[in-house]
Amino acid sequence: MADKTDQVMELAKRRGFLWPSFEVYGGAAGFYDYGPLGATMKKRFEDLWRHVFVKTEHTPMAEIFCPRVTPEPVLVASGHVGEFTDLLVTCLACKAPTRADHLVTAAGYKGNAGALKAPDIDAQLAALKPKCPSCAKAAGFTPAVKQNLMNATEIGPGSGRVGYLRPETAQGIFTDFPLLFRHFRERLPFGVVQLGGSNRNEISPRQGMLRLREFSMMEAEVFYDPGKKTHPRFSEVASRTATFVPNADEKDHHLTFGQAVASGMVANEALAYWLARTQEFLLAAGMDPKRLHFRQHLKDEMAHYAADCWDAEFHSDRYGWVECVGIADRGSYDLTQHAKHSGKDGKLNPEFTRVIAATPGIAFTATVPVPAKPFFPTLKQDARAAEAAMWEGSAYAQEAARRGLDTAKWAERNERYLITEKEVRREPATAPLTVQANGKDIIVPASAYEIATLDVTVQGKRILPCVIEPSFGVDRILYALWEHGLETGEKNGEAYTRLKLSPKVAPIQVAILPLTNKDGLPAKAEEIEWTLRAAGFLTDNDDSGSIGRRYARQDEVGTPFCVTVDNDTLKDQAVTVRNRDTGAQDRIAVRGLAEHFRAVFG
RNA sequence: GCGCGGUUAGUCUAGUGGUAGGACUGUACCUUGCCAAGGUACAAGCAUGGGUUCAAAUCCCGUACCGCGCACCA
């Protein structure tokens with residue numbers, strides 16, 4: 001009993017969309033080749049994504065391309081080196097490495113050894129005293145160490161510099177952030193996208209296209225001022241509707257994106273905007289709207305740094321709801337990590353903390369008590385603490401705090417305003433001042449301090465931008481388009497398959513079919529085909545078998561239009577254009593054919 | 001990683017130890033003149049390694065790959 005997945009995979013393999021990689025050598029789990037039609041469709045699909053997320057996006061957007069081989073420190077900072085791990089021990093006698101959980105299980109441990117932490121593994125090994133599978137001696141093992149599950153490699157021969165194939169494309173964008181910020185002329189927001197391959201050495205690749213060891217991603221990292229997670233064009237998407245599954249009740253809510261923000265279901269406007277754009281893209285690519293929803297991560301599923309996270313999920317007959325896009329408000333987590341790890345002496349790398357323009361109109365004037373000449377000799381060891389207390393208790397400091405300005409020059413903050421303080425006046429104090437410092441009241445005599453009046457101007461704010469990340473799994477979505485597009489039924493009592501691919505991603509846009517192989521029709525068909533190719537269309541030319549058979553072939557690979565060349569064509573210079581979905585036929589002049597299709601394909 | 005099931009042409013499938021069969025697809029020619037018509041011919045297969053046996057697609061063991069469950073899972 002072939003279910004939809006079987007039908008899709010059978011069709012994909014038979015017609016050149018998708019092939020198991022390296023099959024003549026026995027294959028390799030978790031890898032697929034895109035065949036001629038699949039590769040073309042993938043390319044069109046990615047170009048459609050660029051159209052939505054770069055070309056027609058009002059936020060300034062740019063595409064970059066980074067290497068897949070990534071030096072270890074980058075992935076230490078991102079947390080991947082610490083996360084993708086298994087435990088490994090080494091035999092003290094023969095130095096052969098073994099996976100610790102296997103060893104423990106083989107020695108009789110009941111339960112899930114894979115869930116044991118390193119100290120538990122060590123304890124089990126000490127108790128069970130297993131033999132080394134390599135040398136058969138029970139000589140003991142080294143303590144368990146974490147073995148990373150990323151695909152490791154070397155950078156340079158024998159240099160010992162460790163690298164990994166990246167598990168996501170995002171890190172290249174984050175590490176380039178200082179350069180990108182400059183490229184965008186130091187203004188937020190802006191977005192950077194990357195399309196490319198990533199690798200995860202999955203323990204157990206499963207479910208066809210849904211869990212691969214090498215896969216393609218399309219990721220956008222959109223950087224925002226943390227205080228301004230809005231989008232100027234939100235009104236254009238606010239009235240569109242979608243199905244939301246919030247973590248509060250895990251039920252379907254049919255709402256507009258505007259309502260989802262207003263009700264607080266989606267954390268902020270910018271995030272909701274990217275959800276809407278994601279929906280727009282997926283529907284344009286051909287996903288079934290009834291089989292698409294947005295599911296909010298459960299509270300324990302959400303990473304601790306994520307302010308909010310929604311997955312776009314498509315519904316598959318066999319697999320149920322499948323995540324294919326993750327849209328996360330990642331806060332400033334990634335930039336913070338890279339700022340910390342690439343910084344010196346434990347300080348944030350200033351390359352990652354960015355000065356942005358100030359909000360106008362927050363300059364003010366206020367007074368602050370400042371030490372006069374006798375201050376230090378008078379107060380002696382309490383002087384430093386008293387000075388700080390005077391500053392903190394001043395009208396100036398209180399006004400600054402009220403306005404959210406951080407005036408503490410020594411503060412290690414991710415976010416602070418850059419201010420200039422200009423002293424406009426200084427007057428002698430008229431009364432003693434009492435401050436609390438070092439756990440006691442300290443009286444500062446009037447002779448020991450003066451009153452300074454400061455003009456304060458906010459020049460800008462030093463921040464770590466936060467980021468909203470729409471991250472697309474290419475292979476999963478392509479699978480969804482095949483499954484959602486697949487239409488099986490009967491035609492004249494025979495099984496009939498139609499693949500209703502969106503014209504925007506179909507690998508063949510127009511098939512040219514000479515009605516017969518006589519009377520110069522094939523030559524005419526070829527001439528017409530080349531006209532269309534020259535106009536930029538993806539075409540196929542099929543003169544084999546009956547016309548019905550050829551329509552069926554094209555329907556099966558999702559070709560939206562067939563052009564039939566008949567004997568009349570030679571006389572009237574017109575062809576029949578047949579619509580895949582409706583079967584409708586139009587007579588179109590050859591001369592205007594390219595223009596006709598240009599209009600149809602948009 | 002553990003467990004269960006599977007692997008025969010491009011695809012689907014028959015085949016309980018004795019020459020691997022069919023359907024569909026494909027290609028060529030004839031035919032056909034707008035929705036998988038017909039004829040003729042051709043091409044194409046037992047995942048892999050070992051074992052048992054006079055003889056293995058078939059029985060046994062290992063491996064790879066595929067699917068499912070469990071485990072794992074930015």
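Each chain gets a letter, A, B and so on, in the order the sequences are listed, and its residues count up from 1.
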Once you apply a heavy-atom cut-off of 4.0 Å, does [X] come out as touching a base, just sugar-phosphate, or nothing?
X	answer
A/Glu10	sugar-phosphate
A/Asp334	nothing
A/Gly208	sugar-phosphate
A/Gly26	sugar-phosphate
A/Gly16	nothing
A/Arg318	sugar-phosphate

Legend entry - 5'-most by nearest nucleotide on RNA chain B - A/Thr516 or A/Arg14: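 Comparing both residues, the 5'-ward one is A/Arg14.
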
Inset, instruction - By nearest nucleotide on RNA chain B, pick out whichever of A/Lys518 and A/Ala495 is the more 5' one. - result: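 Its nearest nucleotide lies further toward 5', so the answer is A/Lys518.
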
Legend entry - Any N/O donor-acceptor pair, A/Arg550 side-chain to B/C35 base, under 3.5 Å: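 Answer is no: no donor-acceptor pair is held.
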
Legend entry - Distance-only donor-acceptor test (3.5 Å): side chain A/Asp555, base B/C35: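 No.
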
Inset, instruction - Taking the six-membered ring for Trp and the single ring otherwise, decide whether the centroids of A/Phe223 and A/Phe177 are under 6.0 Å apart. - result: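 Here the rings of A/Phe177 and A/Phe223 have centres that are less than 6.0 Å from each other.
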
Inset, instruction - Compute the centroid of each ring, for A/Trp482 and then for A/Phe17, and state whether the two points are separated by less than 6.0 Å. - result: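 Between A/Phe17 and A/Trp482, which both carry aromatic rings, the centre distance is below 6.0 Å.
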
Legend entry - Positions of residues 571-580 of chain A (non-hydrogen atom under 4.0 Å from RNA chain B), listed by number: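 Output list: A/Thr576, A/Arg578.
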
Side-chain N or O of [X] closer than 4.0 Å to phosphate OP1/OP2 of [N]:
X	N	result
A/Tyr319	B/C68	yes
A/Ser471	B/A74	no
A/Ser546	B/A37	yes
A/Arg498	B/C35	no

Inset, instruction - Check the pair A/His297 / A/Trp310 against ring pair (Phe, Tyr, Trp, His ring centres under 6.0 Å), numbers first and verdict last. - result: CA-CA 6 Å; A/His297 274 201; A/Trp310 291 77; 9.4 Å; no

Considering only [options], which nucleotide approaches the side chain of [X] most closely?
X	options	value
A/Leu515	B/C12, B/G67, B/C34	B/C34
A/Ala29	B/C66, B/C34, B/A36	B/C66
A/Arg549	B/G67, B/U25, B/C12	B/U25
A/Gln585	B/U32, B/C34, B/C68	B/C34
A/Glu323	B/U27, B/A74, B/U32	B/A74
A/Tyr496	B/A74, B/A36, B/C12	B/A36
A/Lys13	B/U11, B/C35, B/A28	B/U11

Distance, rounded to the nearest Å, where [X] contributes [atom1] and [N] contributes [atom2]:
X	N	atom1	atom2	answer
A/Met209	B/G67	CE	P	12 Å
A/Tyr25	B/U48	OH	P	14 Å
A/Arg211	B/A74	CZ	C1'	11 Å
A/Ile327	B/A74	CD1	P	19 Å
A/Arg553	B/C34	CZ	P	18 Å
A/Asp6	B/C12	CG	P	9 Å
A/Arg15	B/A36	CZ	C1'	12 Å
A/Phe31	B/C66	CZ	C1'	16 Å

May I ask you to say whether [X] pairs ionically with [Y], meaning some side-chain N is under 4.0 Å from a carboxylate O?
X	Y	value
A/Glu556	A/Arg15	yes
A/Glu487	A/Lys500	yes
A/Arg578	A/Asp555	yes
A/Glu214	A/Arg68	yes
A/Glu527	A/Lys524	yes

Inset, instruction - Give a yes or no on whether the backbone of A/Ala574 and the side-chain of A/Arg587 come within a donor-acceptor separation of less than 3.5 Å. - result: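 Yes.
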
Legend entry - Donor-acceptor under 3.5 Å (A/Glu490 side chain, A/Tyr496 main chain):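 Checking the backbone N and O of A/Tyr496 against the side chain of A/Glu490, no donor-acceptor pair under 3.5 Å is found.
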
Please measure how far the [atom1] atom in [N] lies from the corresponding atom in [M], and state the result in whole Å.
N	M	atom1	result
B/C46	B/U7	C1'	10 Å
B/C65	B/A37	P	41 Å
B/U58	B/G1	P	26 Å
B/G67	B/A47	C1'	16 Å
B/C68	B/C29	C1'	48 Å
B/A23	B/U53	P	39 Å
B/A44	B/G10	P	10 Å
B/G22	B/A9	C1'	12 Å

Inset, instruction - To the nearest 0.5 Å, tell me how far A/Phe601 CZ sits from A/Leu538 CG. - result: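 Here the interatomic distance stands at 8.5 Å.
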
Legend entry - CZ/A/Arg591: more than 12 non-hydrogen atoms of other groups inside 6.0 Å: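 No, not enclosed.
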
Inset, instruction - Please state whether the rings of A/Phe53 and A/Phe281 are parallel, tilted or perpendicular, taking 30° and 60° as the class boundaries. - result: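 If you compare the ring of A/Phe53 with that of A/Phe281, the planes turn out perpendicular.
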
Inset, instruction - Only stems of 3 or more consecutive Watson-Crick or G-U pairs count here, both distances under 3.5 Å; name the ones for RNA chain B, or none. - result: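 Stem list for RNA chain B: B:1-7 with B:64-70, B:10-13 with B:21-24, B:26-30 with B:38-42, B:47-51 with B:59-63.
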
